[in-house]
Amino acid sequence: MMKIRTSREGKVAQIALAGRMEAESREQLQTAGDQLIGEGATHIAVDLSGLTYISSAGIGVLVRLSSLLREKGGEVALCGASGVVLTVLQITRVITLFQMRDDTAGWP
Amino acid sequence: MTPALARFWGLTAGILPVFAFLLALKLLDTFRLVRPRQIAVAVGWGGLAGLAALGLNAGLFEATGPQWYAKFGAPWVEEALKAIWLVVLIRAERVAFLVDAAICGFAVGAGFALVENLAYLEQLLGGGIALWVLRGFGTAVMHGGAAAIVGVVAIGLRRSGRWLAMVAGLAVAIGVHTLWDMGVLTPLAASLTVVLGLPPLFVLIFERSEKALHTWMGQKLNQDVELLEMLTTGNFLETPAGSYLRSLNAFAPEVLGDMVCLLQVSSELSAAAKGERIRQWAGLPVAADSELEAKLRELEFLEKSVGLAGLHALAPILPLSSRDRWELQELQARR
């Protein structure tokens with residue numbers, strides 16, 4: 001079960017994920033991302049520090065979110081990835097598509 | 001005694017001890033590897049196999065000659081029909097240990113014997129109740145024992161190849177059945193041999209199986225925990241298993257990612273299943289795991305994503321043996 005928390009200040013938004021992002025919970029992230037973009041966010045920091053699992057389904061949503069924001073001149077930053085989540089991001093090589101940060105301080 | 005009462009007592013004496021023996025086997029199953037429903041289905045299959053054998057035997061009796069067929073033809077037909085259900089169970093990874101193979105095999109044989117004894121009741125009762133008890137009960141135990149042998153040999157030798165092990169099991173069962181039908185021993189001696197010889201054999205098999213189960217559970221639980229530790233520290237790609245995974249660069253990166261996820265989810269499920277098994281064995285209630293359903297669905301998603309080729313490539317570091325598969329099936333069936 002994944003828990004998701006969002007916040008936004010102007011064009012900068014944050015999505016904090018916690019728990020397991022299984023294939024069936026990908027829509028939660030997609031909906032949250034679409035909503036923030038619809039509200040005008042161009043820079044989204046996704047906090048992965050509470051996430052303990054992510055598969056290609058979840059990564060697919062992150063990549064899609066990144067593409068949408070790049071079209072608007074924005075970007076996605078991934079923060080706090082560690083453990084198996086970091087391993088999956090490394091081996092799928094999507095790590096190069098995102099700005100990787102320890103936290104959201106001073107971004108963008 | 002009226003003929004109807006004689007039939008009733010004849011059938012009771014001939015078949016009841018077989019089902020009592022089946023119950024005793026179930027009670028020896030301390031890890032509860034076999035569910036009562038599985039036993040009932042196996043008995044049902046045995047009954048169907050018994051009906052099919054009656055039809056086939058009647059036709060082949062005429063074609064080959066009664067004497068020759070009864071000794072050398074019928075054992076092949078009957079053992080093959082009984083073995084079909086065991087092949088299905090082993091192929092579907094619903095049976096993975098000597099204990100469950102023996103119980104399911106014996107249950108198939110008990111169902112078969114029930115139908116056969118009903119069919120031959122009149123004929124055998126004509127020879128007196130003593131002959132009936134000897135032939136009816138002895139034959140019933142032989143049918144159960146022979147079918148159990150198919151399962152036990154197939155599981156015991158499966159490392160030599162699954163099909164080879166099943167054929168070997170069937171060959172031993174046909175051999176035992178043929179010796180029985182050839183009448184090498186007198187009916188009394190044959191029945192006593194089977195009735196007195198089978199229980200100690202089963203106890204030996206159960207003891208061996210239980211030791212193997214304990215060892216496997218302990219070793220596999222350690223492996224699962226070690227793998228999970230490697231994954232959660234984030235250094236997995238630097239380990240030998242991680243290096244192997246990185247070397248599989250013929251696969252798309254997202255498939256490699258899902259392979260890592262598959263290692264994680266299968267280890268979590270495997271460890272959870274062992275936890276449940278240990279709790280059951282200790283007589284404790286099974287703890288509810290709200291994430292279990294989601295993890296099982298995720299496992300399905302990952303297996304599809306990784307594909308057959310990916311699963312083969314992953315086999316050296318994800319040893320999902322038939323026992324592990326059986327364990328997952330059990331976990332799913334209990335939900």
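Because only heavy atoms are used, hydrogens play no part in the values below, and waters and symmetry mates are left out as well, while side chains stay in. A note on names: the letters A, B, ... follow the listed sequences, proteins ahead of strands, and every chain is numbered from 1.
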Got A:Arg20 and B:Val265 here, is their nearest side-chain heavy-atom distance under 4.5 Å?
yes
Any side-chain heavy-atom pair from A:Glu24 and B:Arg297 closer than 4.5 angstrom?
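With C-beta onward as the side chain, the pair touches.
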[X] portion near chain A, given a 4.5 angstrom heavy-atom threshold:
X        : answer
B:Glu298 : side chain
B:Ser305 : side chain
B:Leu263 : neither
B:Glu300 : neither

[X], [atom1] atom: more than 12 neighbouring heavy atoms under 6.0 Å:
X        : atom1 : value
B:Glu238 : CD    : yes
B:Lys274 : NZ    : yes
B:Arg208 : CZ    : no
A:Arg93  : CZ    : no

Close contacts, residues 66-74 of chain A versus chain B, judged by heavy atoms under 4.5 Å:
none
Within residues 30-42 of chain A, contacts to chain B at heavy-atom distances under 4.5 Å involve none
Over all heavy atoms of both residues, which pair between A:Ser55 and B:Leu302 is shortest? Give the atoms and the distance, please.
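Looking at all heavy atoms of both residues, the closest pair is CB-CD2, 4.0 Å.
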Once you round to the nearest 0.5 Å, how far does [atom1] of [X] lie from [atom2] of [Y]?
X       : Y        : atom1 : atom2 : result
A:Thr52 : B:Glu268 : OG1   : CD    : 7.5 Å
A:Leu86 : B:Asn235 : CG    : CG    : 9.5 Å
A:Ile91 : B:Leu237 : CD1   : CG    : 5.0 Å

Contact winner vs chain B - A:Ala57, A:Gly19, A:Ser82, heavy-atom pairs under 4.5 Å:
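The answer is A:Ala57.
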Determine the sole option in A:Ile54, A:Val88, A:Val85, A:Thr92 for which the side chain to side chain contact (heavy atoms under 4.5 Å, CB included) test with B:Val260 is passed.
A:Val88
Measuring heavy-atom distances to chain B, does A:Ser25 have an atom under 4.5 Å in its side chain, in its backbone, in both, or in neither?
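For A:Ser25, there is no contact with chain B at all, as no heavy atom is under 4.5 Å.
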Check for a donor-acceptor pair, side chain of B:Glu254 on one end and backbone N or O of A:Gly60 on the other, with a separation under 3.5 Å.
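Between the backbone of A:Gly60 and the side chain of B:Glu254 there is no qualifying donor-acceptor contact (under 3.5 Å).
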